[in-house]
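In what follows, a structure is listed as structure tokens, so that the remarks can point back to it.
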Amino acid sequence: MLIRWQDKELTLPPGTSVRDCLAALGISEGALAAMRGGQVLELNETLREDSELNPITLRHEEGRRIYERCLRMMMLLAVRRLYPGEQVRIEYSAGHGVFVRLPRLSLSEGMVAEIEQEMRRIADAGLPFEKRCWALEDAIAYFEAEGQQDKVELLHYRPFPYFNMYRLGNLWDYFYGAMTPSTAWVRVFQLHYHAPGFVLLMPDKADPSKPAAYVDMPKHLAVFAQSAAWCEILGVVNAADVGQLMVSGNMREFIRVNEALHDKAIAAIADRIVAANKRIILIAGPSSSGKTTFAQRLRVHLKVLGRHPLQLSMDDYYLDRDTLPREADGSLDLESIHTLDLPRLQQDICRLLEGEEVETPVFNFTTGKREAQGTANRLEPGQPLIIEGIHGLNPLLAQGLPQEQIHRIFVSALTCVNLDDHNRIRTTDVRLLRRIVRDSATRGTPARGTLAMWDSVRRGEDTWIFPYQEQADSMFNTALHYELPILKHFAYDALKAIGPEDPTYLKSRRLLKTLHYFPSLDPALLTEIPPLSLEREFIGGCTFYEK
């Protein structure tokens, strides 16, 4: 059989493992798996047909996901050995790692150190991740015997009768994706104690030979903790809980309480702004976080308190596309703050605060240019100004503005509902689903188009948005715990239509693996989502945008 990588070609006997194929191609370091078309191949898999292989390393998103899965299983085995029978909950991103807690156990710093030491013994032992195909009923029986009711309930929603289980030592589990051949591939990690649990730190992105440094993000974690408390209030922590609400007919009440919690949190932010007499409200957040609708709802709450804010969009201050500098490959970095006319924006804000009439620009995204005529605006004495855009928290934006008058808000969709106790739903995947639905409905972009551009969007967020989130005065979580079945209703068929030959196939399958565990939606439930809901920004029907 013919094996290719870049400009190399080799003829190898059928039945050669992916690992040996890569070694024969001269790729002996850093590979955790390989891509063939849009499919991930584990290193232990054997090939029997001509294949073009591309190694997956820690520098790839899929490589980091593979590494994290293996780390999670090693951590679960370490806890099983040290604290038999204890429940483990793997929850959400924290800096360059993932937050873990043992709900029935109060962990100390010393206990966390013991778990890390046991994980290192497991890594040094080079224990294999043994893959076996299990029948669904066998898996349900196993997890029932193990007392893992979260998995038992989840698997009742699985649409396929078989799936791959992995064994490490005496532990069997399921992690929704590929693994490395053994724990010898997963030696770089660190556990950082963070009461009431710990953060499992991944390798550093810039230097994968060392663990990433722990980044203290108290505001970010506080918002996650608030959302976790909301989950407890709602009685929903895993996907199966949402499914049960749908089956039992209680989904409408669930939606109402979700929306009420959102409204209460927005009202609290408005109260803080008015109490501090702030006039410049800067709102930032990553793609598909719901910034625009959040800004509109905040404007309504400020009106309730006697303020009548003027709202500007940072997008209207884009420079004409044909004037922007290009990258070495000829592309435009549209996520950069330098695509904005910062001097004009800062000047307009200062003039508005002085009570002057200002013609603010209007950007035409079809032509890629600013319109010849803008919009005349004026602020009355004491009237606040809301400015929304991805760069709202960047210090460059606030230069020259009266700092004492600024209130900064960071919004993002921080999903706290897991698939099960050991498998979280990534916030970036939920934002991607939101964008797929919105792009298809309002921009005519098919799912594969949104998937193709997502890596570039994420790089821009890591550079220009997330580094400044802790500078926020307020944070707001736009995630809605009911939204995944809603997004499935709009995105599932489009994702399923993407075939293995498509470069975006891997991303589409990853999203489908999550959506499979939510029941199909009764379309009548859509009527329960209020017209001012954050969810309406993506599925349509938000009356803020009706003329």
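For the atom pair CG (D263) and CG (L534), the distance works out to 10.5 Å, reported to the nearest 0.5 Å.
With sequence neighbours excluded, the residues forming a side chain to side chain contact (heavy atoms under 4.5 Å, CB included) with A524 are R252, D522, listed by chain and number. Applying the side chain to side chain donor-acceptor pair (under 3.5 Å) rule to Y176 yields the partners D420; only residues at least two apart in sequence or on another chain are considered. Legend: residues meeting side chain to side chain contact (heavy atoms under 4.5 Å, CB included) with E91, ordered by chain and number and at least two apart, are R89, F99, R101. W185 meets the ring pair (Phe, Tyr, Trp, His ring centres under 6.0 Å) test with no other residue; sequence neighbours excluded. Annotation: ring pair (Phe, Tyr, Trp, His ring centres under 6.0 Å) contacts of H192 (sequence neighbours excluded): Y214. For K131, the side chain to side chain contact (heavy atoms under 4.5 Å, CB included) criterion is met by E42, E45, N164, Y166, not counting sequence neighbours. Listed by chain and number, the residues in a ring pair (Phe, Tyr, Trp, His ring centres under 6.0 Å) with F224 are Y92, H220 (sequence neighbours excluded). Partners of E253 according to the side chain to side chain contact (heavy atoms under 4.5 Å, CB included) rule, which considers only residues two or more places apart in sequence or in another chain, are R256, V257. With sequence neighbours excluded, the residues satisfying ring pair (Phe, Tyr, Trp, His ring centres under 6.0 Å) with H516 are F160, Y492.
Every pair passing salt bridge (Lys or Arg N to Asp or Glu O under 4.0 Å) that includes a residue from residues 531-545 is listed here, sequence neighbours excluded: R438-E537. Identified under the salt bridge (Lys or Arg N to Asp or Glu O under 4.0 Å) test for residues 106-117, with sequence neighbours left out: E116-R120. For the salt bridge (Lys or Arg N to Asp or Glu O under 4.0 Å) condition, the pairs that include at least one residue of residues 475-496, sequence neighbours left out, are R434-E483.
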